[in-house]
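Hydrogens, waters and symmetry mates play no part in the numbers below; they use all other heavy atoms, side chains included.
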Amino acid sequence: MEQQIKKHGKRQPKRMANTKKKIADEILRQIGGSVIFVFLIIAAAATGMVGWLSITSKRTELLEESQAAANQLTGFLSQYTKSAGQLAVNPEIKSVMKETKANDDFQQARNMDTVMDNLVHIANTDTENVMAVWVSDLDSSSLIQSDGYISGDDWDITGRGWYHCIDTKKTVLTEPYIDSSTGKLILSTAGPVLDDESGEVLGAAGMDISLNHMTQLMSGYKIGRNGYIMLLSENGTLVYHPQNDLIQQKIQDTDISENVVQAVESKESKFLKYKADGVTKYGSLQPAGDTGYLVLSSLPMSEYYAVLAAMVIALVLIFAAGILLVAIRIKKSAATLTKPILELNETAQQLAAGNLDVNLQIASENEIGELGASVQKTVLRLKEYITYINETAEVLAQIANGKLSIDLKHDYAGEFQKIKTALLNISGSMNQVMSGINESSEHVSVGATELATASSVLAEGAEAQAASIGQLTETTNTVAGQVEDSRKKAASSAEATAQAAAMIEQNREKMKLMMDAMNNIHQTSQQVVGIIQTIEDIASQTNLLSLNASIEAARAGEAGRGFAVVADEIGKLALESSKAANTTKELIEISMEEIDKGTTIATSAMDALQESVRVVSHVNEMIQETAQNAVIQAENMKQLRIGIEEISHGIQDNSAASQETSATSEELASQAEILNKMVQKFELN
């Protein structure tokens, strides 16, 4: 792409360089950022896939190596546990043990020679691994081996490591131990010898197995460069470890993570991440069949992730080189693309500074060349517009000097035609406006004078109203005081009538109590009349009895004379009692008549008291209503006083406003005169 720029004025290389740098950086940021983002996504995906494949392969390798070692250990131990089981069901051995009793010499039993031949034969079939084949009788607590060893009197079968086969009646493997005669690491496998008839345990048969061959096999397992296999017994004792000083130690006594100890105790197949001797490692724990023995693989974490780390480093280097190459190419392309844009920018800055005498030629077949041609056409058109601008500036200067009638000599093309039309419209509008302002200013002057006169009259009337309102306010305050006094007296009257009503009510209650007492007296008198009637009846009966007694006494003659005297006295007493009872009854009847009269009078008095209570209550209600009305009137007078005060303030404000309006009107008249003089300097049509 060729570019040539011819222009007048100074070039600005420094600004161009700065602009070039910014555009290139922006292109690099937008395009390069997207490319780099895609690169990073691809790198992350590739790293994840490679890492997953690497870790999966290492994990699989550890599992397979552990499983292979466990299978080999299972096969090695199973053949000897089966041999021990077969030896325990040998008929000759059962016969020898069944024959031997406590304190018998186990060696002197019948068929012992045959048994010994079998033991020697089995031992000779695998001299590399089988250290000895033996049988042990339970009753005599004695043992005979294929190598000719016979236990002594102090030998105790219950202290052997394989003795629990007798309790469980199953073939067992013992924990490994160092043979005292050979110094080799061995273990024993033993099976219980059972009586076919009773099922009782007669003894045990087994063999001692050397683990040297097995440890050599375990040492042959290599995982990576530094990985290895460990062999553990049922209780977690290390049978094989690359470090010989750890053999025969329990796993929990070594410097190893607790999760490994727990996995060994659970006898479960697990993939583990653990620490041993301060180094993080990965491994797989696999049980060796049903033997109780375990195999644990071990691979340092650095080697476990070695392939992953190498692949990540390689990918990082590859993608870093790719990103750098992309950035360089984008930077170079951005510089090539932005060079003509910078030239166009410099030309635009010259035009913005007001220099229209520029010539721009760009030879290019892309959009930038078309943009350069368009800019050149714009420059030529701007040169034509200078004439319009000069005439427009001259006309605006005339308008500023007060000459509103203008004459435009040139024909304006394009958008400048709008400027010509606008200038002519401004001239016509300004003529009309100024004529209207001139006429209006005269009217404003006359109106301002009249407004000033009216404002003076209004101010005087407002002052008079303020004085009248002041007098009305004083009168209202006096009436409000009188209403407040009436309200207080009405309230006092209401309280007094209320007290009177309460006292009458109390008297009515007392009268009611008196009526109740008189009724009780009336009822009691009636009861007394009944009692007196009973006394009269008793007196009549007594008098009749006295008469009968006198008759009987007369019949008795001289003997009944004393009784006749008594009867006579009783008759007199009964007669007097009857007279007294009649007299008392008459008096009580008179009292009851008087009580009835008193009751009638008390009832009338009570009715009168009730009527008095009703009347007083009605009066009290009327007085209370009057007091409430007085309160309302006092409140209304208060509101009326407040309203009059507000009116007074309003009139005072109106008076002040009228005075201000009067002053403003005078000022308006003065300003209207000044406006008249200013308008007269414009030249109108």
Side-chain angles (χ1 to χ4, degrees), residues 75-153 155-177 179-182 184 186-211 233-234 289-293:
F76 177 79
L77 296 176
S78 296
Q79 62 179 332
Y80 297 111
T81 55
K82 289 180 181 178
S83 297
Q86 293 173 359
L87 187 63
V89 297
N90 186 281
E92 287 82 4
I93 295 175
K94 288 185 178 182
S95 175
V96 169
M97 291 185 179
K98 192 172 182 180
E99 178 184 345
T100 304
K101 304 299 180 181
N103 299 321
D104 288 350
D105 187 356
F106 186 41
Q107 187 179 5
Q108 300 301 321
R110 288 181 301 170
N111 297 326
M112 179 55 72
D113 293 337
T114 304
V115 172
M116 285 297 296
D117 291 339
N118 288 334
L119 296 181
V120 172
H121 175 72
I122 294 172
N124 291 334
T125 57
D126 188 4
T127 58
E128 181 181 4
N129 296 316
V130 178
M131 302 293 295
V133 183
W134 49 264
V135 291
S136 178
D137 180 67
L138 181 62
D139 291 336
S140 62
S141 186
S142 57
L143 176 140
I144 295 178
Q145 291 187 169
S146 60
D147 57 2
Y149 172 79
I150 300 173
S151 62
D153 295 336
W155 192 84
D156 184 10
I157 190 174
T158 60
R160 303 300 95 188
W162 44 261
Y163 179 76
H164 61 284
C165 75
I166 294 175
D167 295 331
T168 61
K169 295 183 180 181
K170 293 181 180 179
T171 303
V172 298
L173 287 169
T174 66
E175 289 294 316
Y177 59 93
D179 184 55
S180 59
S181 60
T182 62
K184 294 182 178 181
I186 65 174
L187 61 80
S188 297
T189 176
V193 179
L194 304 177
D195 187 353
D196 293 334
E197 297 177 356
S198 63
E200 294 180 355
V201 179
L202 301 175
M207 56 185 67
D208 298 333
I209 309 300
S210 173
L211 293 177
S233 67
E234 186 173 3
D290 297 330
T291 63
Y293 279 66

Evaluate the side-chain proximity of [Y] to [X]: yes if any heavy-atom separation is below 4.5 Å, no if none is.
X	Y	value
V193	V201	no
L194	K169	yes
D208	Y80	no
I150	F106	no
Q108	E99	no
V135	M97	yes

Hey, what do you get for [atom1] ([X]) to [atom2] ([Y]), rounding to the nearest 0.5 Å?
X	Y	atom1	atom2	value
M207	I186	CE	CD1	12.5 Å
T291	L187	OG1	CG	9.5 Å
K82	L87	NZ	CG	16.0 Å
N124	S146	CG	OG	7.5 Å

Polar contact flag, side-chain donor to acceptor under 3.5 angstrom, Q145-D147: yes
So, for [X] and [Y], which heavy atoms are closest and what is the spacing to 0.1 Å?
X	Y	value
Y177	S188	OH-OG, 3.0 Å
K170	C165	O-CB, 3.1 Å
A190	W162	CB-CB, 3.6 Å
K98	K101	O-NZ, 3.4 Å
P176	L211	CB-CD1, 3.9 Å
T100	A109	OG1-CB, 3.8 Å

When you measure from the side chain of [X] to the backbone N and O of [Y], does any donor-acceptor pair fall under 3.5 Å?
X	Y	result
T171	G191	no
S136	S142	yes
N111	T114	no
T168	H164	yes
S151	L143	yes
S141	L138	no

side-chain contact (heavy atoms from CB on, under 4.5 Å) evaluation trace for M131 with I209: CA-CA 6 Å; M131 302 293 295; I209 309 300; over 6 Å; no
Given D196, D195, D137, the one that forms salt bridge (charged side-chain N to carboxylate O under 4.0 Å, His left out) with K94: D196
CG/N103: more than 12 non-hydrogen atoms of other groups inside 6.0 Å: no
Heavy-atom neighbours of Q79 CD exceed 12 at 6.0 Å: yes
Electrostatic pair E92-R110, nearest N-O below 4.0 angstrom: no
Verdict with reasoning, N90 to N118, per side-chain contact (heavy atoms from CB on, under 4.5 Å): CA-CA 10 Å; N90 186 281; N118 288 334; 3.9 Å; yes
V172, L77, T81 screened by side-chain contact (heavy atoms from CB on, under 4.5 Å) with T189, the one that passes: T81
